Structure formats: C-alpha cells, structure tokens
Engineer: 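Next up is a structure, given as structure tokens.
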Amino acid sequence: MNKNYLLLYLLVFLSFSTVLAQSNNGTISGKITDPLTGETIDFASVSVLTPGTEDIVKSNNSNNGGLFKISNLTYGKYTLRITNMGYEKYIAEDIEVDGSHVDVYLGTIKLKKSGGSLNEVAIVEKKNTVEFGADQINYNVSSSLQSEGSTATDVLKNVPMVSVDIDGNATIAGKRNTRVFIDGKPSDYMTSNITDLLNVLPSDAIEKIEVMTNPPAKYSADGEGIINIVLKKGYKVGLNGTLSLSAGTLGNYNVNTYASYKGKGLSLTSSYAFGRSESNTYSTSMSQNFLADTNYNRNQFANRNSMNFGHNLRESINWDIDTTRNLRLTGNFNFNKAQGGSGSDYLYFDENDIETQLRDQNNNNHNQSVNYVFDADYTWKRTNGDQLEAAATYSANQSNNDRFAQTLYLDASGLPIANSKPLNQTYAIDGKNRAFQFKLDYDKPLFEAKKSTFNIGVSANMRKHDNDQDVQDYSFTNQLYNQNTLLSSQFTYNEHIYAGYASLTIKTENKWSFRMGGRSELTDVNFNLGDNAADAYSIKPYISFFPNVSAAKNFSNYTVGISYSGRIGRPNEYALNPQVIYNTNNPNIAFGNTDLIPSYTQQLDLTFSIYGKNWAFYPRIGVANTSHIIERLTTPINSGAYQTTYNNLGSSSYNTVNLYGNYRVSRKINLNGGGTFGHMVYESQSDARRNRNGYTIQSKAGAQIDLPGKTAFEGNFNYYSNSSAQGRNKGSLTSSFAMRKAFYKNKMRVRIMAVNPLGQTSSTTLTNDVTFNKQDYYTINSRNYTISVSYNFTKVGNKAVKKII
C-alpha cells in the first residue's frame, strides 16, 4: 500500500512537470572586482534601469564572490548601474536582451576607486548579523567574530530566539518541539545524536542559520519550528579557504579547515574539523516523597566528568551542466567518541528526617558513533523562471554505548547492609539507523511580472532504527555474569512518511505578499521488541493535513504580517520504546509508552518590523494551541527510586511575545538585543492534577565594536528560564566576550574569547506533583578562555579568471 501511495504522488507531480512553458525573458550577469587587488567586491548594489530614466526595473546585490545575476528580464534594452561604498558609480548603457542574447554575461567589471582613496583600503559595509522576516530570522554567521574558528553549537548560542541547553540541544523559544535541519534536510535522520554533529561541525563551513517560526509547506510538518543550518556552497572564483586552530583552558581544542574552488561551471568545497572537549558537572537533588505506604526524603549528590572528541569531513561537488541544469553531490562523514565516569550518593531519610540508608553508585562509560550521509540534488531551470528540483539523501549511523555500574547498599553508618551484596552490571547498547529521503519540487512563476509563484511537490521519508540492549548482572556466588532478561531486549522501529504539498505565493505592485498552501502526510509506523509476534506493535496508518497561510504588507519604513500553520509532534522511537533502561542516575528507571498518539498544534504569528536610519525593532506575537501534548513525567516508586516515562497529558496553550531590535550607534558600534516572554497553560480532561500554568523567559543582549588597528570586540549575554508540565527551571545566565585582531591584509586573524568569565553555568529545576516535591541543582565548569588563530587564503590567477570569462 505504501508503494502505491508513493507511485500515485509521483505520477501526479510528473504531470505538472510537463507543462514547462517558454517566454521571452533573459538575464544580465557578471562579476565585480577591485581594480588594484583583483579581489571580488561583495554585496555591491546592482540595478537594471529603463534607458534614459532612473526607473529601476530589477535590482540585486553581488554575492560573497562578487557575482551578480538579474533574471526574468523581458526582451529589450537596459541600463546597468552598480554602486558600492568607496567606489565610483558604474554605468553601462544599451545592454540588449533578445532572442540571440538571452543570457548576457558582462564578464569582470572593475570598479574605480572614489577620489582620494586609491591608496586606502575601502570599507565595504557587511551584512547585518541578524535579519528579520515575517516567518523567519536569518543569522549571518560570517558577520559575527565569535563564530570564527568555532562550531555550530557555539554559533547557535547567540542566535535570537534560540536556546542551547547544557547537553547542546537547540530549541526555539516559545516552541516545545524544535527540529534541526541541515541544508533543508532533517538532521535527526542523519546522526544518532545531533549534538555530536553540531559540536564538531565547523562554523567556517556555515553560511547562515535560519530560524523558521512558520516553515513553508515544502518542509516537513514535524515540530513547531525549524532551525535550518545552511552550509557554504563555494561562491568565490578560484581557490579560497580558511584554516583555524583554537585551544582553551578547559582542555578543549579544535582544528577547522574549509576550502573551495570554483572554475567554469564547476565548484568543489571541502571541510574538515577535529574537536576535543572536557566537562565536569556537580549536581544535587533534594526530594520529599509522599507514597501511599510510606513517606521518606532522598538527597542525592553526584559528580560527572567526560571527555569527548570527534571528526567531521564534508565534501561537495557543484556542477553547472549548462545554463539551465545543475547537479550537486555531497558526502558527510562524522565520527564521535566519548568516555567518562560519574559517582552518586543517595541518602534516604524517614519521615522524622533520620537517615536510614545510603546507596553509593559509580559508573564508567564508553560511547562512540559513526555517521555518514550522501546527498544528490538536481536542478533544472528555464529562462522563463520555471524550476524543477529532484533531491535524494541516504544516511546511516551506528552507535555503541558500553557502561559498567556498581551499586553499594550501606546503612546510616556507611557500613554494608547485612545480606545485601553489591550490584555490578554491564550495559551494551548498540544502535543502528538507516534512512532514505526523496523529494521532487516544482516552481512555476505566474503572470507577466513573474512576481508570483506556484509551488508543488512530493516527498518520501523512510527510516529504520535498531536498538539492541544487553544487560549482564554479576553473580558473586558463581563469579560469572548472567544476562538480565528483564532489561535486555531488541527494539526495531520502522517509520515511513509520504507527503504531497502545494502553495501559491502572490506579490502585488503595492507591496502586498500572500502565501497560501497546504501539506498532506501519510504516516505508517511499526515496531517490535523481538522475534515474537506478541512483541510486535503496529500503528494504524493515518493521513494528516496541515494548512499554511500568511500575508504581509511593506510600507515605507515598516512591515506588518500574519501567518498561520498546522504542525504535528509525532512520538519518536525513544518515546515509544517500552523497554526499561537504567540511566546514569540509577536506581531511577526510564521507559517509553506504546500507547502514545501524535500531538497537533495550530499556531498563529503576528509580526511587525519598523526601522529607521540607524535602528530597527521587530516585535512579534505567537499563539499556539496543542492537543494530545506529549510530555515526560517523573513519579516515585515503592523501591525508593523514580520512574520516568511519556504521556499524552491533554491540551496546552502557549502564548509568546518576542521583542528584538538593533541600534547602530555609529558605523563602528552596533548594539542588539531582545527577549521572548511566554505563558504556558496545561489542561487535562482525565486528570485535573495535571492542570497548571507557567512562564518562559529568554533574553539576549550583544554589542559589536570596530576598534582602531583592525581590531574588533563582541560581547553577548544570554538568560533562559522555562516551565514544564511538572515544574519549572529557574534559569541560567551565560556570557561571552571576544576580541579579534587582523594581520596581513586581513588574511590572518587572532581571537581571544572568554566564555562565562562572570561565573559558571548553573541552574535550579523545581519539580512537584501530588506524591513528591523535588529540587535539582547543577553546575558545570563552563568558564573557559580560548585563543584562536585563523588564516584565510584566496588565489585567483589570470588563468582562472580567463576560464570564467
């Protein structure tokens, strides 16, 4: 049945792809360089004018390789105007686009220095670090000096509306369920642990980070928001690259390399990174428990240390087969390894606060994972603007987690309890993931002005997850390890999601823009715990529809917009897996729930942008209502431990207010900041005890200052506090500061950075329920001072330029 659905989607879509039409439209393109150095000029303003007038027909900017392209020009004569700070205005007249000159390439255009500046270095205004849109925020990585020589995780910590927790998990403020994409593809299919990949993915390979609060219909409907990491494609002509080395006082160091080569129709990009880090965490947990048969208190004191290192290698080939066809092939390999240990003391007190028992536990962990991804993207563009894109991705990863745990049972005096032997256990957890994704997407410009677009497509996501858990208990009598059959199991999970989508985007002459679309998804899931039929579970296939509409209006100095979309939160394999596992806080246990159903969210966003000459302000309001919300719940059990599992609590509403802005004090000083304030309400029809409300607060503030002598400074502060179904996190404050000095015509840069110099990262979590109250405190040695050295190289010889021209 699944194959039939996929075949039907493909046949319907291919019927649309045969109606590509021709029209009399062409392009004007070229490359802009400095007359003395030959270096390309990025972000120059390029305008096509009606001859003899100042009327702009179309305009664009040169990209970060100096290349520009103005498309969808009807046949006729035009005037080209190029302007950029520090250079004289460039004018080219009588450029004719017709049937014999459809694509006019002007070659290399060398701008003249403005008067009196031939011996000076012209200052080119760079992109703003943050750009706000109606449904999206763009964080331009190259504009932030803290991003140089760092990793994707480091970059995400300073992106507006994004929070990164102690474990490296990134979420959008005001969104409970966030997915991380890489180049528009779900990254959680590509690796066994996305944080491992982000901790080693070099920032020099990242172009920008997109925060999508209302993703278009072409993206998967999973999650309430998407963080999309867009990687560089290698725009600059010739050979370009970066080599970065960094080391910190916490024993961390990174080696990052990025290189790209662009010739005539072919570009190659390559990046490699190696990273090593250490962490030490101290935590306490104080709890009061009120069970039916007894009351007791438990205090826990724990410390954990770990060492992680990983390699990441990425290779990409981009081939312009001709002016209409492009093929891009990408391969990514990621290897991670970690080892560490932890120790915990559990002190038990009776209702009179008298210590009755001490439980001591020690763990040793060894983990490693290997991940690889292969992408193939084919694009066919017509001169009339039609575009057909086919993309396929295959990914696989394997993880091995080995742990030894020893538990000692002691009395209040710290002596072994009579007839109570230590518990020695070994855990071997092996996981395998395989996924295949296919997508066919078609864009059709509408009407004569070509400002409106119709988009339609189909996609298929098929993946399999295998998790084999083998637990061995040591027998002191026989001095042998025997399998613990209650904890050992084999979990296999299969998920197939087939989707079809369509959207219509309309842009009017009076600066209105509308988007109307929808996405339909067929979900088929099954999983089992072994070879027996009784251990097999199958979720009945279901079809879901997700509307997606938005409207925006641009005025002279402000923009207003409104958007609405439907989203889904599917229970993943970890939430469904019913096998019992012991986590690092043994004797606590955790397991999934096979009866979970998806949660559905309806979200509405109101956006407003207003800006002046040196400032901009971007308030937005978000309203989200979720049914069958999935949350993790913790409860005490009679053995004196806690169990954690997942449940569909009921419904929730989440209302947020986002206030962000920036102010350019001068050409050399820029300030930015803002925050998100959210109010969450939980409601349960089956259990009134779950009804509660709470608040989420996130704020960020930053400053960028250009100092004399090719020196720059950047500082950032971040604060985050959130609520959950059982309590709230009292929040944590983090800070980071960086100073950078450039040498040798900006080719070499030295950066000194301080992370959390004002204090270690710490947080307090309060959890309460009918049967217990719990307060958890943790602190991690996050104070770190690093030094980074990077070298940028560019080589554009005459031969390379002639080949392009």
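Keep in mind that this is a model prediction, so the values were computed, not measured.
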Engineer: Salt-bridge test for E573 and R463: reply yes if a basic N is under 4.0 Å from a carboxylate O, no otherwise.
Structural biologist: yes
Engineer: Can you measure from CD (E315) to CG (L329) and round to the nearest 0.5 angstrom?
Structural biologist: 12.0 Å
Engineer: Under a plain distance cut-off of 3.5 Å, with no hydrogens placed, do R740 and S790 share a side-chain donor-acceptor pair?
Structural biologist: no
Engineer: With no hydrogens and no angle check, just 3.5 Å: does a side-chain donor-acceptor pair link N756 and T734?
Structural biologist: no
Engineer: Which atom names give the shortest non-hydrogen contact between T786 and G248, and what distance separates them?
Structural biologist: CG2-CA, 3.6 Å
Engineer: Ignoring hydrogens, what is the shortest heavy-atom contact between N308 and A338? Give both atom names and the distance.
Structural biologist: OD1-CB, 2.9 Å
Engineer: Any chance the rings of F717 and F737 have centres within less than 6.0 Å?
Structural biologist: yes
Engineer: Report the C-alpha separation of I497 and L522 in whole Å, then their side-chain angles, then the decisive distance to 0.1 Å, and conclude whether the side chain to side chain contact (heavy atoms under 4.5 Å, CB included) test is met.
Structural biologist: CA-CA 6 Å; I497 302 175; L522 169 66; over 6 Å; no
Engineer: Measuring from L231:CG to I209:CD1, what's the distance to the nearest 0.5 Å?
Structural biologist: 10.0 Å
Engineer: Parallel, tilted or perpendicular: which fits the ring planes of F274 and F309, with parallel below 30° and perpendicular above 60°?
Structural biologist: tilted
Engineer: For T607 and R620, does a side-chain donor sit closer than 3.5 Å to a side-chain acceptor?
Structural biologist: no
Engineer: Does T242 reach the side chain of S244, with side-chain heavy atoms less than 4.5 Å apart?
Structural biologist: yes
Engineer: Is there a side-chain contact between Y272 and H311 (heavy atoms, below 4.5 Å)?
Structural biologist: yes
Engineer: Where do S599 and H628 come nearest, in terms of heavy atoms and distance?
Structural biologist: CB-O, 3.2 Å
Engineer: Is there side-chain contact between Y219 and N228, with heavy atoms separated by less than 4.5 Å?
Structural biologist: yes
Engineer: Begin from the C-alpha positions of R314 and D183 and carry the test salt bridge (charged side-chain N to carboxylate O under 4.0 Å, His left out) through to its verdict.
Structural biologist: CA-CA 13 Å; R314 188 176 185 87; D183 277 342; 3.6 Å; yes
Engineer: Taking the six-membered ring where the residue is Trp, are the ring centres of F608 and Y618 under 6.0 Å apart?
Structural biologist: no
Engineer: Taking the six-membered ring for Trp, is the centroid-to-centroid distance between Y574 and H465 below 6.0 Å?
Structural biologist: yes
Engineer: For residues Y646 and L596, report the shortest heavy-atom separation together with the two atoms involved.
Structural biologist: CB-CD1, 3.8 Å
Engineer: Calculate, to the nearest 0.5 Å, the distance between atoms CG and NZ belonging to D377 and K439 respectively.
Structural biologist: 9.5 Å
Engineer: Does the side chain of Y682 pick up a donor-acceptor pair with the side chain of S651 at under 3.5 Å?
Structural biologist: no
Engineer: Examine the side chains of N455 and D441 and answer whether a donor and an acceptor come within less than 3.5 Å of each other.
Structural biologist: yes
Engineer: With side chains defined as the heavy atoms from C-beta onward, is the minimum distance between T676 and Y660 less than 4.5 Å?
Structural biologist: yes
Engineer: Out of the candidates N332, T330, T393, only one should pair with D375 under the side chain to side chain donor-acceptor pair (under 3.5 Å) rule; please name it.
Structural biologist: T393
Engineer: May I have the step-by-step check of side chain to side chain contact (heavy atoms under 4.5 Å, CB included) for I226 and R567, ending in yes or no?
Structural biologist: CA-CA 11 Å; I226 291 175; R567 312 293 296 172; 4.1 Å; yes
Engineer: Taking the side chain as C-beta and beyond, is there a heavy-atom pair between N648 and I630 under 4.5 Å?
Structural biologist: yes
Engineer: Shortest non-hydrogen contact from V549 to G517?
Structural biologist: CG1-N, 4.4 Å
Engineer: Please tell me if the side chains of L576 and Y493 come closer than 4.5 Å, counting only heavy atoms from C-beta onward.
Structural biologist: yes
Engineer: Under a plain distance cut-off of 3.5 Å, with no hydrogens placed, do N672 and Q704 share a side-chain donor-acceptor pair?
Structural biologist: yes
Engineer: Between T601 and T626, does the side-chain hydrogen bond (donor to acceptor under 3.5 Å, both in side chains) criterion hold? Intermediate values first, please.
Structural biologist: CA-CA 4 Å; T601 299; T626 303; 2.8 Å; yes
Engineer: Quick one: CG on N554 to OG on S513, what's the gap to the nearest 0.5 Å?
Structural biologist: 6.5 Å
Engineer: Take N214 and D605 through the test side-chain hydrogen bond (donor to acceptor under 3.5 Å, both in side chains) and record every step on the way to the result.
Structural biologist: CA-CA 8 Å; N214 181 25; D605 291 312; 5.6 Å; no
Engineer: Heavy atoms, side chains only, cut-off 4.5 Å: are Q437 and S220 in contact?
Structural biologist: no
Engineer: Regarding T761 and S782, do their side chains bring together a donor and an acceptor under 3.5 Å, going by distance alone?
Structural biologist: yes
Engineer: Can you find a pair of side-chain heavy atoms, one from Q698 and one from K700, that are under 4.5 Å apart?
Structural biologist: yes
Engineer: So Y720 and S763, side-chain hydrogen bond (donor to acceptor under 3.5 Å, both in side chains) or not? Walk me through it.
Structural biologist: CA-CA 10 Å; Y720 184 71; S763 179; over 6 Å; no
Engineer: Under the salt bridge (Lys or Arg N to Asp or Glu O under 4.0 Å) test, which residues partner R570, sequence neighbours left out?
Structural biologist: D222, E521
Engineer: Does the pair W615 and I610 meet the rule for a side chain to side chain contact (heavy atoms under 4.5 Å, CB included), with working shown?
Structural biologist: CA-CA 9 Å; W615 59 272; I610 183 170; 3.9 Å; yes
Engineer: Please report the closest heavy-atom contact between Y654 and T696, naming both atoms and the distance.
Structural biologist: OH-OG1, 2.7 Å
Engineer: Here's a test for you: under side chain to side chain donor-acceptor pair (under 3.5 Å), which of N548, T505, T453 qualifies with R515?
Structural biologist: N548
Engineer: Can you list the steps and then say if S652 with M680 is a side chain to side chain contact (heavy atoms under 4.5 Å, CB included)?
Structural biologist: CA-CA 7 Å; S652 71; M680 168 74 77; 3.8 Å; yes
Engineer: Any idea how F436 and F438 line up, ring-wise: parallel (<30°), tilted (30 to 60°), or perpendicular (>60°)?
Structural biologist: parallel
Engineer: Can you see whether Y564 engages Q602 through a side-chain donor-acceptor pair at a distance of less than 3.5 angstrom?
Structural biologist: yes
Engineer: Quick one: ring pair (Phe, Tyr, Trp, His ring centres under 6.0 Å) partners of F514, sequence neighbours excluded?
Structural biologist: W512
Engineer: In Å and rounded to the nearest 0.5 Å, what is the OG to CD1 distance from S762 to I780?
Structural biologist: 11.0 Å
Engineer: Ignoring hydrogens and geometry beyond distance, is a side-chain donor-acceptor pair present between T178 and T171 at under 3.5 Å?
Structural biologist: no
Engineer: As an exercise, state the distance from CG of L250 to CG of N784, rounded to the nearest 0.5 Å.
Structural biologist: 4.0 Å
